[in-house]
There are 2 protein chains.
Amino acid sequence: MTLSEKNYAFVMHCGEMGSRWGFNRTIGQMCGLLIITKEPMTANEIADGLSISRGNVSMGIKELQSWRLIKVQHIPGDRKEYYAPAGTIWDMANRVFEERKKREIDPTLSLLRDNIIEEAHNDDERFAQQQMQEIHDLLETVTKWSAELQRLSPEQLQSLMKLGSGIGKVLDFKDKILKKP
Amino acid sequence: MTLSEKNYAFVMHCGEMGSRWGFNRTIGQMCGLLIITKEPMTANEIADGLSISRGNVSMGIKELQSWRLIKVQHIPGDRKEYYAPAGTIWDMANRVFEERKKREIDPTLSLLRDNIIEEAHNDDERFAQQQMQEIHDLLETVTKWSAELQRLSPEQLQSLMKLGSGIGKVLDFKDKILKKP
DNA sequence: CATAGTTTTCATTATTTATTGAAACTTAAA
DNA sequence: TTTAAGTTTCAATAAATAATGAAAACTATG
């Protein structure tokens with residue numbers, strides 16, 4: 001099975017973007033390939049399709065599984081493992097988002113917390129601590145918010161997303177309502 | 001000027017996180033250092049503080065400026081350039097967010113648009129196009145949304161952020177109101 | 001306009017990260 | 001069991017990325 005020119009371009013683009021999205025080129029390509037391929041693929045098909053080594057695919061699969069982006073499937077009477085995207089595009093985007101939060105925000109939040117609870121010993125530390133407090137508060141707000149979004153039902157999310165420029169209005173509205181009593 | 005142990009730990013952490021945040025180790029360190037240092041710093045002070053070469057600092061400054069994270073200041077009677085964070089922590093987070101969107105989302109959106117307007121030639125391309133359409137729609141929604149958030153006044157944002165679990169309620173509320181007429 | 005203080009550039013070198021492929025491992029079926 | 005189809009591991013190698021530092025380029029000032 002060979003990719004059409006357009007599909008190949010998409011897969012290569014995913015590779016180029018891979019490192020920006022949090023993984024590396026090969027893994028980006030694998031992800032793109034599995035998304036645009038209707039049927040689940042074997043590791044060998046992936047290796048052939050992308051002209052990379054079998055070992056590399058094996059490692060890539062492990063990584064994609066750690067991101068919960070792909071799932072394994074089996075075909076009766078066939079010993080090979082078949083791989084396919086784990087869920088909808090939306091699901092996958094969510095996973096990437098979550099996983100990145102875990103890698104990009106949580107460690108910093110943890111360090112900041114540790115640092116903030118200790119007392120500052122001089123002016124430099126005092127100033128630094130104020131700054132860290134600000135970063136901490138910001139990250140915590142973002143964290144709470146994203147957790148909140150995850151908790152909304154898909155319908156509510158849809159509704160929220162479609163709100164667009166209506167957000168401001170709804171907020172004003174809410175303020176008016178809540179301030180009355 | 002030497003960093004206290006705690007401040008040093010913070011700066012090193014910024015370095016380790018640097019690549020996750022979209023730049024590299026040195027630039028992460030520079031950013032952290034400038035944030036926790038009250039006074040603007042010269043390039044040489046930065047180089048000394050982080051034990052890196054002067055040339056590296058120069059490149060880092062250029063990069064941080066391209067992210068609009070630092071600004072230059074001058075002291076009368078002193079020819080050196082002094083660097084300081086450009087704005088509040090909130091401002092900086094916003095810049096990083098914007099800049100990353102530009103690098104991580106916009107190029108893909110553009111490729112997807114190009115790909116979607118062309119007609120598919122066979123089943124494989126048809127399926128791929130459907131998937132790309134989904135990714136496109138998702139990214140576009142996210143893009144619109146973040147633009148929307150940028151447009152809100154800081155007070156509205158505060159209000160929205162503090163809403164937390166109230167989001168669901170406000171949404172339900174809005175639905176009721178809007179559906180009445 | 002010459003100079004000294006300062007910043008930038010970029011070829012070279014060092015470091016980090018990714019890839020290969022052969023060997024080791026796993027496992028279903030004979 | 002043994003075998004063979006399939007997968008994983010990991011030491012060696014290749015590729016990409018970052019850092020150095022000396023030379024070039026600026027630029028205020030006398």
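Residue numbers start from 1 in every chain, and the chains themselves are labelled A, B, ... in the order their sequence lines are given, proteins ahead of strands.
Side-chain atoms of Gln130(A) never come within 3.5 Å of backbone atoms of Phe127(A) as a donor-acceptor pair (strictly under, hydrogens ignored). Panel note: side chain Glu125(A), backbone His121(A); a donor-acceptor pair is recorded below 3.5 Å. The main-chain N or O of Thr143(A) is found under 3.5 Å from a side-chain atom of Ser146(A) such that the two form a donor-acceptor pair. Counting only distance, with no hydrogens or angles, the side chain of Gln129(A) and the backbone of Asn115(A) share a donor-acceptor pair below 3.5 Å. Not a single donor-acceptor pair under 3.5 Å links the side chain of Gln73(B) to the backbone N or O of Tyr83(B).
The CD-C1' distance, from Glu16(B) to dT15(C), rounds to 16 Å in whole Å. Taking atom CD on Gln73(A) and atom P on dG6(D), their separation rounds to 18 Å, with Å as the unit. The interatomic distance linking Asn24(B) (CG) with dA16(D) (P) rounds to 18 Å, in whole Å. Phe23(B) has its CZ atom 13 Å from the P atom of dA18(D), to the nearest Å. Atom CG of Leu50(B) and atom P of dT20(D) are 10 Å apart (whole Å). If you take CD of Glu63(A) and C1' of dT17(C), they are 13 Å apart, rounded to a whole angstrom. If you take CD1 of Ile52(B) and C1' of dT17(D), they are 16 Å apart, rounded to a whole angstrom. Between Arg25(A) atom CZ and dT17(D) atom P the separation is 8 Å, expressed in whole Å.
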Atom pairs under 3.5 Å: protein N/O with N/O of nucleotides 8-12 of chain D:
{"unit_1": "dT8(D)", "atom_1": "OP2", "unit_2": "Ser58(A)", "atom_2": "OG", "d": "3.1"}
{"unit_1": "dT9(D)", "atom_1": "OP2", "unit_2": "Lys62(A)", "atom_2": "NZ", "d": "3.1"}

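Asp137(A) and Gln133(A) are linked by a side-chain donor-acceptor pair at a separation below 3.5 angstrom, with hydrogens and angles left out of the test. For Thr88(B) and Asp91(B), the side-chain atoms include at least one donor-acceptor pair closer than 3.5 Å. For His13(B) and Thr108(A), the side-chain atoms include at least one donor-acceptor pair closer than 3.5 Å.
Within residues 31-46 of chain A, no residue places a heavy atom under 4.0 Å from DNA chain D.
Using cut-offs of 30° and 60° for the angle between ring planes, the Phe23(B) and Trp67(B) rings count as perpendicular.
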(request) Give the B/S/- string for nucleotides 23-30 of chain C, one per nucleotide from 5' to 3', where a protein heavy atom under 4.0 Å of the base yields B, of only the sugar-phosphate yields S, and otherwise -. (result) ----BB--
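Between Arg68(B) and Glu99(B) there is a side-chain heavy-atom pair separated by less than 4.5 Å.
A side-chain contact (heavy atoms from CB on, under 4.5 Å) with Met30(B) is found for exactly one of Leu69(B), Val11(B), Leu50(B), Ile70(B), namely Leu50(B).
Considering only the side chain of Thr26(A), dA18(C) comes nearest among dG21(C), dG6(D), dA18(C).
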